[in-house]
Engineer: 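Mind looking over this structure? Questions follow.
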Amino acid sequence: MRKPIIFGEILDIGEGHWFKDRKEMMLSSFHRNWGAGIDGNAKEGVAAIVLSGGYEDDEDLGDEIIYTGAGGNDPNTRKQIKDQTWDKGNAGLRLSMDQGLPVRVIRGYSHKSEFSPATGYTYAGLYSVVDSWEENGKSGFKICRFRLEYCGKNKERNLPETLELRYSKREKQRKEGTILRIIRDTKIVRDIKKLYNYECQVCRHTINTRSGRYAEGAHVKPLGNPHDGDDSIDNIICLCPNHHVMFDKGSFSINDNLELIGILEGKLFFHKQHYLNKSNLEYHRKSHGYN
Ligand SMILES: [Zn+2]
């Protein structure tokens, strides 16, 4: 019978732990799959991934990893021969993101990065899945993509400055709500929210708090690596927290006529002083599988 999935740290296997081979990882359920990169499924989430150089689009920056999901490649040549789909392990990584489950990241000797071991496999630590989207890979086929950020206990590794640097070009105030959510309220975001009197552009509701009305500024094309959206008026909409989460996760998107598509219907409410860059809307639609 298959061993149960285990999330988080496993006793006596700390960061930097070296495994001779994949079999060694299976004994402790550290990673239960012999051949696959992803240990997990759509129902339970993903507990561990192995970076083994199978996908040309992967990016490894150490504490931040852009990971390509599974599927669509030829088992012999490992070349991408068809589109990846949002099921199995790819759906599991999304579930891990939505439920805040930590993912053990393991680097293999065949993974091309300065952090990879020369032989065998090393445990890189726990990571959070903080973003998911789809795009066309170098092969031309659709790939499922994820951004993972280190969330383990080694504080030395995860200095806030390294996160701050990525956005340091622009004026901003950074507040961390949870590990998964970073709310950046820049002046431009505050201006947009004021323009709408803190009413959501989808449902027209506002949230009254003890300190006043509350809404969130949503970036259509996300800030930060690898999207690099702008913090500008033509890339920000004012949303309630529910619609903000739904928008960021692609439950709905917006077409060029500002109509809602996906699981919502209707039209985005718009102020006459506000406009959006259509290429940002297109980026959002594409990265969530619309058009
Ligand atoms: Zn709303």
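Heavy atoms only: backbone and side chains are in, while hydrogens, waters and symmetry mates are out. In listed order, ligands and their atoms are each counted from 1.
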Engineer: Verify the neighbour count for atom NZ of Lys286: are there more than 12 heavy atoms of other residues, nucleotides or ligands below 6.0 Å?
Structural biologist: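 12 or below, so no.
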
Engineer: Tell me the protein N, O or S atoms under 2.8 Å from the Zn ion (ligand 1), in chain and number order.
Structural biologist: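 Those protein N, O or S atoms (cut-off: under 2.8 Å from the Zn ion (ligand 1)) are Cys200 SG, Cys203 SG, Cys240 SG, His243 ND1.
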
Engineer: Run the ring-centre check on Tyr196 versus His274 and record whether the distance is less than 6.0 Å.
Structural biologist: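 Centroid distance Tyr196-His274: below 6.0 Å, so yes.
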
Engineer: Considering all heavy atoms of both residues, which atom of Val103 and which atom of Val46 are nearest to each other, and what is their separation?
Structural biologist: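 Result for this residue pair: CG2-O, 3.6 Å.
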
Engineer: Would you mind listing every ring pair (Phe, Tyr, Trp, His ring centres under 6.0 Å) that reaches into residues 77-112, with sequence neighbours excluded?
Structural biologist: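 Those involving residues 77-112 are Trp86-Phe146, Tyr109-Tyr121.
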
Engineer: Among His17, Glu9, His31, Arg104, which residue meets the side chain to side chain donor-acceptor pair (under 3.5 Å) test with Tyr123?
Structural biologist: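 Going through the options one by one, the only one that passes is Glu9.
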
Engineer: For the rings on Phe252 and Phe247, is their centre-to-centre separation under 6.0 Å?
Structural biologist: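 That pair passes the under 6.0 Å test.
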
